[in-house]
J.: 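Dropping the structure in here first, questions after.
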Amino acid sequence: MKRQWIILVFIFVTAFAKADPVPIPTMATQCAMCRAVLESEADNSTAKGVNNGIKYLMVIPYILVGGVFYFIYKGRKKEKKEIL
């Protein structure tokens, strides 16, 4: 049980830790074409679309990894139940 908590804490810390512990004020690192399109528009609809796309691309790997861990957990729980 203790090992499971250690693994869970490790996953939590690595998933939510900042890559850079000292924040450095910088401009957004976008490609030149993206920056030109986003800065040239009067309304922010394209910028909102780009931000939503980034969120979508960021969430999918977490869902997939979470699903894999869920099925591993479910399988191990079933194995322990069969042994008893």
J.: Spell out, yes or no, whether V65 and I7 are grouped together once hydrophobic residues are joined by side-chain heavy atoms under 4.5 Å, including indirect joins.
T.: yes
J.: Working to the nearest 0.5 Å, report the span between OH of Y70 and CD1 of I63.
T.: 15.0 Å
J.: Can you list everything that forms a side-chain contact (heavy atoms from CB on, under 4.5 Å) with I72? Sequence neighbours excluded, please.
T.: V68, R76
J.: For L57, enumerate each residue passing the side-chain contact (heavy atoms from CB on, under 4.5 Å) test, keeping only those at least two apart in sequence or located in another chain.
T.: none
J.: How long is the straight-line distance from CD1 of I60 back to NZ of K55, given to the nearest 0.5 Å?
T.: 14.0 Å
